Amino acid sequence: MANYAGGEWLAAAAAETLQDRNPATGEVLAEVPLSGAADVERAVAAAHAAQPAWRATSPQNRARALMELRQLLDANRDELAAIVTEDMGKTIDDAAGEVGRGIESVESAIGTPHLLKGDNLEGVARGVDVEMVRQPVGVVAAITPFNFPAMIPLWFLPYAVACGNTFVLKPSEQDPLASLRMFELIDEAAIFPPGVVNLVHGGHDAVNALLESDGVDAISFVGSAATARYVCSTAVAHGKRVQALGGAKNAMVAMPDADPKLLADGVTSSAFGAAGQRCLAGSLLVLVGDPEQQDLSLRRVVEASAALRTGAGADSGTDVCPLVSVAARERVEGEIGKAEGEGATLVLDGRIGGGEAGAQLGPTIIDDARPGSPALAEELFGPVLTVLRAPDLDGALELVNGSRYGNASVIFTCSGAAAREYRYGVEAGMVGVNIGVPAPVAWFPFAGWKDSIDGDLHANGSDAVDFYTRKKVVTSRWK
Ligand code: NAD
């Protein structure tokens, strides 16, 4: 696998590689180069060289390049979805949805010229006017996670280049094939001048080289909370602008008046879709009401979860795909075992067992977890749902807002008043009402709160344009 810098495919100077495997079969799909500083600097230098001319390209023509990119991705959406399934493991439908969401980010970024317009105020003193213009930040890099290998790179590339920046992508080393294919398509169609978009494969060394490079002006990151904190603090220490979207522990509140089907479908698809490997996955279920009502809601969710089919993402009957790797499955099983050892009840046990399971783990539901245990407080990033109980909505809000994370939260209810109270009081940036996965469309920011983001500006929507531009305020007097 090669890196892409200055419009050329280049073998990495670093000799070390990592095997990228199909999570469903264990087949080795690629040897991913673990690029180092020399490889990163080649891409950054190419981006630097290309930036002045790209900045001078009109906003309309930059948007037109994105129109071409949108058509190209649309024409190849089935192939890209198949690559996502093979490389990351999620089901074909889920992968198709992911690619569609990525294309929506391109569509949203096509409107960037509107958001690039400045402001002015005439006559702040006699003959003196003020205008604010937006200019690109320069060279920007994105570091992306494994769980949305096609969509998340597209949260950044389109807006970055629409604003006149040049761009370096470092995709997840666990499943970089969708990014690779998108760059091949971009290269074949010559959508951008050489150096406007660049691709560097690798892991920690490549990330550190980007964070420390004098040639990189801004970093967009998506990944786990611990890495986000590290990336944010390191980027800031090197004088860079940064947005670092981190992990999550999303709660779903089941009110006693919830529609039974919306509740069962919404909770199971949120907790177990993509094997729980979404930053919007609901991993806590808060049962509200008297004990009898709580038990009834739980029974409905357990029955629907037990009916889900676990299997390879490429099989059309599969509901719950494998985890991204055997190591990930072992880690999540370790957390389930730990909760069980501490006295929790496994209402549903999805462990299939040993080496036979590959990366596969079925839906698992944990009740009576010890307060403060990882199953309650931390992101396990697997098909695991932990149950909590509250007598009423106030109690549910207190439990939910006790989390250090604030990515998403969901309420299932037939009461507008309850939904309104929840929406008003919940400390999360993306809220669902009778929707299990409240993923905003690309014209809105992907709006996590608390430890689910380090930095102020989110991905997508007008936040992206704020992040990828610097404001310049000009005060003029003409005689
Ligand atoms: P990760 O943090 O392990 O990796 C993300 C990126 O950081 C990768 O490109 C990886 O190469 C790099 N990286 C990892 N550890 C590093 C280190 N110590 N030093 C330097 N670079 C490092 O995350 P992941 O497992 O790929 O992705 C899953 C995580 O991403 C979950 O926590 C999930 O919630 C989160 N996520 C968040 C959002 C969001 O919008 N908030 C969206 C998707 C995923």
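We count ligands from 1, going down the list as the structure has it; atoms in each ligand are counted the same way. Quantities reported herein were computed from a predicted structural model and do not represent experimental measurements.
Note: an N/O pair closer than 3.5 Å links E379 and ligand 1 by distance alone. Considering backbone and side-chain N/O atoms, T227 comes within less than 3.5 Å of an N/O atom of ligand 1. Every N/O-N/O distance between F221 and ligand 1 stays at or above 3.5 Å.
Closest to atom 18 (N) of ligand 1, if we only count protein heavy atoms, is H204 CE1, 3.8 Å. Closest to atom 27 (O) of ligand 1 among all protein heavy atoms lies P145 CB, 3.2 Å. With hydrogens left out, the protein atom closest to atom 12 (C) of ligand 1 is V207 CG2, 4.0 Å, a heavy atom. The protein heavy-atom contact nearest to atom 35 (C) of ligand 1 is G223 O, 3.1 Å. Among protein heavy atoms, the minimum distance from atom 8 (C) of ligand 1 is reached at T144 O, 3.4 Å. Scanning all protein heavy atoms for the shortest distance to atom 41 (N) of ligand 1 gives G246 O, 2.7 Å. Scanning all protein heavy atoms for the shortest distance to atom 39 (C) of ligand 1 gives C279 SG, 3.4 Å. Scanning all protein heavy atoms for the shortest distance to atom 10 (C) of ligand 1 gives E173 OE1, 3.5 Å.
D319 places no side-chain N or O within 3.5 Å of a backbone atom of T310 that could act as its donor or acceptor partner.
For ligand 1, the atoms sitting less than 4.0 Å from at least one non-hydrogen atom of K170 are 8 (C), 9 (O), 10 (C), 11 (O), numbered in the order shown with element in parentheses. Contact atoms of ligand 1 toward L245: 39 (C), 40 (O), 41 (N) (distance under 4.0 Å to a heavy atom of the residue). The W155 neighbourhood of ligand 1 comprises atoms 40 (O), with distances under 4.0 Å to a heavy atom of that residue. Short contacts between ligand 1 and I143, defined as distances under 4.0 Å to a heavy atom of the residue, involve ligand atoms 6 (C), 7 (O), 9 (O). Atoms of ligand 1 found under 4.0 Å from any heavy atom of F381 (numbered from 1 in listed order, with element): 28 (C), 31 (C), 33 (C), 34 (O).
Look at G448 and you'll find every heavy atom at least 4.0 Å from all atoms of ligand 1.
K249 and E379 are not joined by a salt bridge, as no carboxylate oxygen comes within less than 4.0 angstrom of a charged side-chain nitrogen. With salt bridges taken as basic N to acidic carboxylate O contacts below 4.0 Å, none links R21 and D87. E340 has a carboxylate O that lies under 4.0 Å from a charged side-chain N of R351, or vice versa, which qualifies the two as a salt bridge. Using a 4.0 Å cut-off between charged nitrogen and carboxylate oxygen, R229 and D451 count as a salt-bridge pair. Note on E335 versus R331: no salt bridge recorded, every NZ/NE/NH1/NH2 to OD/OE distance being 4.0 Å or above.
Residue contacts with ligand 1 for Q277 are absent, since no atom lies close enough (heavy atoms, distance under 4.0 Å). Residue-level proximity to ligand 1 for I453 is absent, since no heavy atom of it falls below 4.0 angstrom. Under 4.0 angstrom from ligand 1, the non-hydrogen atoms of I152 all belong to its side chain. Both the backbone and the side chain of V222 come within 4.0 Å of ligand 1, counting heavy atoms alone.
Results of the side-chain contact (heavy atoms from CB on, under 4.5 Å) test with V320 over L308, T91, T268 single out L308 as the only residue that passes. Shown are I366, V384, I365; of these, the side-chain contact (heavy atoms from CB on, under 4.5 Å) with L346 is made only by I366.
The closest side-chain donor-acceptor pair between S283 and N250, if any, does not fall under 3.5 angstrom.
Here the shortest heavy-atom distance to atom 25 (O) of ligand 1, taken over Y230, F446, F146, belongs to F146. Considering only non-hydrogen atoms, atom 23 (O) of ligand 1 lies nearest to S224 out of S325, S224, G247, A244.
Atom CD of E342 sits in a crowded spot, with more than 12 heavy atoms from other residues, nucleotides or ligands closer than 6.0 Å.
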Please tabulate, one pair per line, all N/O donor-acceptor pairs under 3.5 Å involving side-chain atoms of residues 422-433, not counting sequence neighbours.
{"from": "Y422", "atom 1": "OH", "to": "S409", "atom 2": "OG", "distance (Å)": "2.6"}
{"from": "E427", "atom 1": "OE1", "to": "K450", "atom 2": "NZ", "distance (Å)": "2.8"}

Can you give each donor-acceptor pair under 3.5 Å made by side-chain atoms of residues 147-166, sequence neighbours left out, with the distance rounded to 0.1 Å?
{"from": "N147", "atom 1": "ND2", "to": "Q277", "atom 2": "O", "distance (Å)": "3.2"}
{"from": "Y159", "atom 1": "OH", "to": "S108", "atom 2": "OG", "distance (Å)": "2.7"}
{"from": "Y159", "atom 1": "OH", "to": "A442", "atom 2": "O", "distance (Å)": "3.2"}
{"from": "Y159", "atom 1": "OH", "to": "N460", "atom 2": "OD1", "distance (Å)": "3.1"}
{"from": "Y159", "atom 1": "OH", "to": "G461", "atom 2": "N", "distance (Å)": "3.3"}
{"from": "N165", "atom 1": "OD1", "to": "V137", "atom 2": "N", "distance (Å)": "2.7"}
{"from": "N165", "atom 1": "OD1", "to": "G138", "atom 2": "N", "distance (Å)": "2.8"}
{"from": "N165", "atom 1": "ND2", "to": "A160", "atom 2": "O", "distance (Å)": "2.9"}
{"from": "N165", "atom 1": "ND2", "to": "Y468", "atom 2": "O", "distance (Å)": "3.0"}
{"from": "T166", "atom 1": "OG1", "to": "A47", "atom 2": "O", "distance (Å)": "2.8"}

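Annotation: W9 is not in aromatic contact with F183 [ring centroid separation under 6.0 Å not met].
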### Query
Taking it one step at a time, do R278 and D94 satisfy salt bridge (Lys or Arg N to Asp or Glu O under 4.0 Å)?
CA-CA 11 Å; R278 294 182 184 133; D94 208 11; 3.1 Å; yes
